[in-house]
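As a basis for the values below, the full set of heavy atoms in this structure was taken, side chains included, without hydrogen atoms, waters or symmetry mates.
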Amino acid sequence: MKKTQYLIMVAVLVVAQAFASSASADLGFMRINLIENELQIRTPEAGEWSYAAINTPLDVGDELWVPQGGRAELQLNNGSYIRLDGNSALQILSMDQDSSQLYLPQGNAYIYYDAPRGSVIQIDTPDASTRAFDRAVFSIGISSSYTDVRVHKGYVLTENRIGEIRVNAGNMVSLGQDTNGEIGPLGYASDWERWNHGRDERLYDARRSQSVRYLPSELRTYYSDFDNHGRWVHAPDYGYVWTPTTYISASWTPYRHGRWIWRGGDYVWLAYEPWGWAPYHYGRWAFVVNVGWCWVPPLPGSVYWGPGYVGWIRTMDYVGWVPLAPGEIYYGRGHYGRHSVNIVNVNINEVHFTNVYRNVHVHNGSILVKHQAFRSGVYESGLVDANIRDKVFTRNNMIPGPPDVKPARKGLLVGGREIPGDKRPPQPLRLQKDIGSKKMLRLVKEPNQSVFRPGQGPASLPLKKVGKARPAGQGKPALEKIQHDLSRPVQPMTQPRPVQPRDREQPRGPMDAGKGRGDDSRKQFQPPPPSRPVQPMAQPRPVQPRDREQPRGPMDAGKGRGDDSRKQFQPPPPSRPVQPMAQPRPVQPRDREQPHGPMMDAGKGRGDDSRKQFQQPPPSRPVQPMTQPRPVQPQPREVPGKPVEPRKGANGKNEKGQAEQPALPLGQQPAPPQRNDYRIKGQAR
């Protein structure tokens with residue numbers, strides 16, 4: 001009866017925790033996959049630098065340092081890889097299922113981004129931020145005053161505080177914090193890049209992998225570990241299972257060669273076997289006759305990362321664990337799929353065990369260490385022999401979840417050893433003890449939004465194109481400082497690029513052409529020099545559409561380019577009498593095509609320079625001779641004190657269409673004609 005009640009209680013707990021979250025679930029997003037020579041790490045839990053180990057789960061706030069001569073490779077659960085060269089540092093700012101944000105304060109990083117569509121990776125540097133939204137291969141190098149971004153496959157978006165540029169495969173862009181960009185061809189690969197290309201070639205084609213056929217889709221990114229270090233066999237009770245063939249011995253058992261580290265508020269298993277990531281954090285272990293120990297993969301749709309699927313034993317003197325067999329309940333701090341119970345939300349005092357775990361009865365199947373050895377993380381000297389182990393692993397000593405044992409200071413270090421003072425990272429990196437206090441950029445998952453201007457579209461980065469390839473980290477690009485204002489809106493998010501094609505083709509005028517459109521558009525417009533002579537009427541310039549909206553004249557040329565100012569201008573009615581020369585009338589559309597003369601040439605004088613060239617003659621100055629024909633006005637202009645040449649015809653028009661004769665001094669005036677059909681004010685007939 002008690003056994004039945006226990007099974008019912010477990011079933012209710014499993015259903016109740018179906019949508020619970022795990023405090024340490026984020027640790028399954030990234031791990032250390034390869035270390036050459038040396039890699040150092042500082043975690044928020046330890047607060048000190050220690051030696052890193054392969055298969056270390058990485059979390060937000062972790063900092064990595066690769067000393068001179070070392071290299072490291074990180075693997076994401078989406079199939080991407082991040083590699084670091086010597087003298088490189090990396091900080092993890094944020095991670096989730098579909099995105100990750102990293103900070104590269106110095107050194108070189110190579111990113112093999114193979115995530116599915118809809119994911120994003122953001123690599124920030126002191127100068128810029130680079131994002132990839134589709135599959136891409138690129139590298140980033142930090143120099144003293146600029147950042148190099150080299151794209152080998154795909155494309156990336158690189159942005160600094162001035163603007164953003166899309167860098168396609170085969171190109172390299174260099175940019176500073178507040179500078180323009182220099183873009184050019186990629187050129188030949190460096191030794192660092194050739195090493196990465198060799199690592200990329202080792203990534204098997206999934207279509208040729210045997211493990212892909214047996215792994216659930218969520219774990220296929222780790223197929224190379226299974227292909228290189230084991231084989232698949234068929235077990236009668238479990239189907240196809242995987243058994244390791246490397247780094248094992250006759251006395252080998254799962255969860256023996258490694259240590260428990262304190263991460264994310266929980267004990268997490270750190271395996272020493274190079275293949276010990278997926279088999280220890282997913283699925284269960286079983287012992288099969290004629291096969292030995294084998295790993296049973298989880299079912300598709302039931303893949304959950306766990307700190308280590310074991311059952312725990314605890315006494316006053318000992319702490320022990322045993323691998324869980326398929327179907328056995330895992331008690332942990334969070335929800336880890338089927339056959340798991342979240343002890344955070346249940347009363348663990350009411351959990352009663354009815355039998356001992358099956359793998360306890362396998363030879364060397366369980367591990368038992370002394371209490372102090374467990375706290376320090378050093379188990380070799382604290383292992384207990386089989387006779388004592390068999391007595392301790394009983395139902396009465398089984399506990400739900402990890403033991404409530406606080407790790408010692410040494411147990412907080414991932415590698416178990418501190419870094420000597422002369423081998424620690426550079427002083428600027430050591431001073432960054434709290435990564436949260438450093439002002440970092442935010443993670444932006446939308447490609448049409450700016451990283452530096454929240455809620456706005458990115459501006460266009462001014463570029464200088466070069467035709468010769470420059471090796472990464474060598475030489476120096478020709479960059480120019482540019483003033484910026486992050487508070488100034490650039491464009492709404494619906495229009496991420498402020499520069500429009502028509503803005504480059506139709507500048508408004510000499511005073512405002514090219515403003516706010518970038519360097520390219522400004523260079524395309526060249527205003528005429530002030531000394532340029534006025535063109536005669538024989539070569540009129542074409543009338544632009546904008547000219548019809550902005551009437552021109554000597555007094556208001558170049559004004560009223562906004563819509564409101566244009567609406568304020570009202571042309572005079574046709575019946576309005578023509579004003580004297582001292583009060584020039586607004587120019588009519590017909591006057592644009594027929595200029596009066598060199599002093600009032602049509603189409604000129606819209607800018608400030610052209611307005612200054614026009615000088616109205618004083619009233620007492622005699623009228624200068626007209627060297628160019630001008631259209632005859634409906635009625636003669638009458639200016640006091642100025643002689644006017646008589647006109648023939650009753651209507652005042654020259655019937656022969658001849659040009660007017662120049663005016664003569666008053667003493668040499670010809671005799672007036674014998675007609676009295678006109679008068680001049682102030683003279684007798």
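- Residues passing the salt bridge (Lys or Arg N to Asp or Glu O under 4.0 Å) test with Arg375, sequence neighbours excluded: none.
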Enumerate donor-acceptor pairs with a distance under 3.5 Å from any side-chain N or O in residues 400-408 to protein atoms, sequence neighbours excluded.
none

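- Residue Glu45 holds its CD atom at 7.0 Å from CG of Asp62, rounded to the nearest 0.5 Å.
- Of the residues Tyr379, Tyr280, Phe393, the one that meets the ring-ring contact (aromatic ring centres under 6.0 Å, His included) test with Trp321 is Tyr379.
- Side-chain N/O atoms of Tyr255 and Asn359 include no donor and acceptor closer than 3.5 Å.
- Counted within 6.0 Å of CZ on Arg231, heavy atoms from surrounding residues, nucleotides or ligands total 12 or fewer; the atom is thus considered open.
- The minimum heavy-atom distance linking Tyr267 with Pro307 is given by the pair O-CB, 3.3 Å.
- Judged as a salt bridge (Lys or Arg N to Asp or Glu O under 4.0 Å), and not counting sequence neighbours, Arg395 has no contacts.
- Closest heavy-atom contact between Leu186 and Asn171: CD1-O, 3.6 Å.
- Side chains of Ser211 and Trp232: a donor-acceptor N/O pair is present below 3.5 angstrom, by distance only.
- Phe287 has its ring centre no less than 6.0 Å from the ring centre of His363.
- Legend: residues meeting side-chain hydrogen bond (donor to acceptor under 3.5 Å, both in side chains) with Asp124, ordered by chain and number and at least two apart, are Gln101, Gln122, Ser129.
- Applying the salt bridge (charged side-chain N to carboxylate O under 4.0 Å, His left out) test to every pair with at least one member in residues 213-225, sequence neighbours left out, gives these pairs: Arg31-Asp225.
- Side-chain contact between Ile399 and Tyr331 is absent, with no heavy atoms from C-beta onward closer than 4.5 Å.
- Note: Trp192 and Trp195 have parallel aromatic rings, judged against thresholds of 30 and 60 degrees for the angle between ring planes.
- Taking the side chain as every heavy atom from C-beta outward, Arg135 and Asp114 approach each other to under 4.5 Å.
- The shortest heavy-atom contact between Val60 and Ser94 is CG2-CA, 3.8 Å.
- Here Trp305 and Tyr222 keep their ring centres 6.0 angstrom or further from each other.
- A donor atom on one side chain and an acceptor atom on the other are found under 3.5 Å apart for Ser80 and Asn78.
- For the salt bridge (charged side-chain N to carboxylate O under 4.0 Å, His left out) with Arg83, the lone residue among Glu193, Glu73, Glu36 that qualifies is Glu73.
- You'll find the ring centres of Trp242 and Trp275 inside the 6.0 Å limit.
- Although no hydrogens or angles enter the test, the distance criterion places no donor-acceptor pair under 3.5 Å between the side chain of Ser340 and the main chain of Tyr330.
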Query raised in the report: Step by step, would you call Asp227 with Arg208 a salt bridge (Lys or Arg N to Asp or Glu O under 4.0 Å)?
Result: CA-CA 10 Å; Asp227 287 343; Arg208 297 182 296 175; over 6 Å; no
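- By the salt bridge (Lys or Arg N to Asp or Glu O under 4.0 Å) test, Asp96 is found to be paired with Lys445, residues two or more places apart in sequence or in another chain being considered.
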